[in-house]
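Remarks on the structure that follows.
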Amino acid sequence: MSLINLKRLLIVMSGLLLMSTSILVTATEKGLFWQMTSPSGQVSYLFGTIHTDDNRVTDFSAPVLDALKQVDLFVMETQPNSNPANFMMQSGSLKEMLTEAELEKVRTLADFHVMHLEQALQMKPWLLAVVFSQAKPQTPYAQDNLLMRGAEDFGKPTQGLETSTEHFSVIDDFSLDDQLIMLRAALGMSEAQKEKDFERLIDVYLTEDSEALLTLDADLTGAGLPKALWQRLRTKLLDERNPLMVKRSIELAKQQSVFVAVGAAHLAGDDGLIAEFKKAGFTLKRLSK
């Protein structure tokens, strides 16, 4: 979330041209684009995304588009939210929780991110922190959304690994004080720092090194938060969500050919999707995006 983790991760792709662009990988190799063959011979794809509309990551290659055409089902982290209540505090307003100087920053950033001020003041503080930590306004044309639209254009059904309620309630059990720490960290970031952090993430993402991306993501997100709070946040965002994503995506990939698109941070590590698919008996080939 940047909380860079929650928002920058995801996805899955490949296709007819993959034989010329893929290589067999060992357990120690890293990547963001994978062809996965189930024990029964069913072929699926896994792709780690970054949640941005930057054209450096949204200009999809032929292998990615071919993979979308081949599968039976497109699976993403969560489908677009249809319940505005998932974004909002149940009671109260940031008007009573922030100083005048902080509220002025909220006004400025709400305008920058094309948000109604009253809506911003009612949002869950942790979620507002996610929005305000972005270097530029979010649009409907982020990489994962475009993949979903591409799948729909090819006539593929789409499904989320998490429900929107599961996805947007992941930090809800953090205290209001903790959420305000997250928000204040975002309010304290300069635009230059946000842009610098974003460019570092893009640069590492383009290397297709999932392990390096996970490490950088953690470093950037944790830098502005108390260590204990960051450790709890990381547990919620990755450690507790990965097993559910693994279980649901493996079940789907055993039943049919799927294109799994999830945040890139969920791919790496001993309990990430790459390692867990291998443990489940899938054969993985690393593909070039």
Side-chain angles (χ1 to χ4, degrees), residues 1-13 32-33 46-60 64 68 74-82 86-87 109 112-115 123-124 126-151 158-164 166-168 170-171 182 186 189 194-210 212-221 233-234 236-238 241-242 245 249 259-268 272-273 289:
M1 306 182 149
S2 266
L3 306 177
I4 298 164
N5 290 351
L6 188 64
K7 285 291 198 185
R8 303 220 174 150
L9 325 163
L10 308 169
I11 296 304
V12 170
M13 331 174 158
L32 295 178
F33 184 24
L46 177 65
F47 190 92
T49 65
I50 182 169
H51 192 81
T52 177
D53 61 1
D54 192 290
N55 61 15
R56 286 172 288 181
V57 303
T58 59
D59 186 11
F60 301 123
V64 169
L68 283 174
F74 176 81
V75 182
M76 62 194 303
E77 198 164 314
T78 185
Q79 289 191 301
N81 179 62
S82 59
N86 287 330
F87 299 151
L109 288 169
F112 176 75
H113 288 279
V114 198
M115 301 173 64
M123 284 182 68
K124 298 173 181 178
W126 73 261
L127 186 55
L128 196 59
V130 172
V131 176
F132 285 173
S133 66
Q134 306 301 310
K136 59 181 181 177
Q138 294 295 302
T139 75
Y141 307 105
Q143 187 193 54
D144 43 329
N145 294 335
L146 290 179
L147 285 169
M148 180 185 70
R149 292 186 181 188
T158 64
Q159 181 175 325
L161 288 175
E162 297 175 319
T163 67
S164 58
E166 287 173 331
H167 188 76
F168 287 102
V170 65
I171 311 297
M182 299 175 199
M189 295 176 68
K194 294 176 192 178
E195 186 62 35
K196 180 180 177 181
D197 289 350
F198 175 74
E199 288 301 321
R200 289 178 66 191
L201 279 170
I202 288 287
D203 287 345
V204 174
Y205 182 85
L206 293 174
T207 70
E208 302 183 32
D209 186 333
S210 55
L213 186 63
L214 175 59
T215 299
L216 176 61
D217 195 10
D219 288 345
L220 294 180
T221 303
L233 186 60
R234 186 191 186 286
K236 281 289 182 183
L237 294 179
L238 291 176
R241 294 172 69 221
N242 275 3
M245 290 188 184
S249 58
F259 186 110
V260 181
V262 297
H266 295 290
L267 269 60
L273 269 69
K289 298 196 297 90

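All figures in this text were calculated on a predicted structure; none of them were measured in a lab.
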task = Show your working on side-chain contact (heavy atoms from CB on, under 4.5 Å) between Lys136 and Thr52 and close with a plain yes or no.
result = CA-CA 9 Å; Lys136 59 181 181 177; Thr52 177; 4.1 Å; yes
ask   = Any Lys/Arg nitrogen of Glu77 or Arg241 sitting under 4.0 Å from an Asp/Glu carboxylate oxygen of the other?
value = yes
ask   = Salt bridge or not for Arg56 and Glu199, using N-O below 4.0 Å?
value = yes
Is [Y] close to [X] at the side-chain level, that is, under 4.5 Å between some pair of heavy atoms?
| X | Y | answer |
| --- | --- | --- |
| Met76 | Asn145 | yes |
| Lys236 | Trp126 | no |
| Met182 | Ile171 | yes |

inquiry  = Has Glu162 got a side-chain atom pairing as donor or acceptor with Thr78's backbone, closer than 3.5 angstrom?
reply    = no
query = Would you say Thr207's side chain and Val204's backbone share a donor-acceptor pair under 3.5 angstrom?
reply = yes
Give, for atom [atom1] of [X] and atom [atom2] of [Y], the distance between the pair rounded to the nearest 0.5 Å.
| X | Y | atom1 | atom2 | result |
| --- | --- | --- | --- | --- |
| Leu109 | Phe132 | CG | CZ | 5.0 Å |
| Met148 | Gln79 | CE | CD | 6.5 Å |
| His266 | Leu161 | NE2 | CG | 9.5 Å |
| Leu238 | Leu214 | CG | CG | 6.5 Å |
| Leu267 | Asn242 | CG | CG | 9.0 Å |
| Leu216 | Asp197 | CG | CG | 8.0 Å |

To check you understand the geometry: which heavy-atom pair defines the closest contact between [X] and [Y], and what is its length?
| X | Y | answer |
| --- | --- | --- |
| Phe112 | Pro137 | O-CG, 3.1 Å |
| Ala186 | Ala129 | CB-O, 3.6 Å |
| Ser210 | Leu32 | CB-CD2, 3.8 Å |
| Val131 | Met123 | CG2-CE, 4.5 Å |

Take atom [atom1] in [X]; do more than 12 heavy atoms of anything else shown fall under 6.0 Å from it?
| X | atom1 | value |
| --- | --- | --- |
| Lys196 | NZ | no |
| Arg149 | CZ | yes |
| Tyr141 | OH | no |

message = Test side-chain contact (heavy atoms from CB on, under 4.5 Å) on Asp53 and Gln138; report intermediate values, then the result.
response = CA-CA 8 Å; Asp53 61 1; Gln138 294 295 302; over 6 Å; no
ask   = For Gln134 and His51, does a side-chain donor sit closer than 3.5 Å to a side-chain acceptor?
value =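 Short answer, no.
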ask   = Would Asp144 and Ile50 satisfy side-chain contact (heavy atoms from CB on, under 4.5 Å), going step by step from the backbone distance to the final call?
value = CA-CA 7 Å; Asp144 43 329; Ile50 182 169; over 6 Å; no
Test side-chain contact (heavy atoms from CB on, under 4.5 Å) applied to Asn81 - qualifying residues, sequence neighbours left out = Asn83, Asn86, Phe87, Ser164, Phe168
note = From the list Thr58, Val57, Asp59, side chain to side chain contact (heavy atoms under 4.5 Å, CB included) with Leu146 holds only for Thr58
ask   = side-chain contact (heavy atoms from CB on, under 4.5 Å) between Ser249 and Leu273: does it pass, once the steps are laid out?
value = CA-CA 9 Å; Ser249 58; Leu273 269 69; 4.1 Å; yes
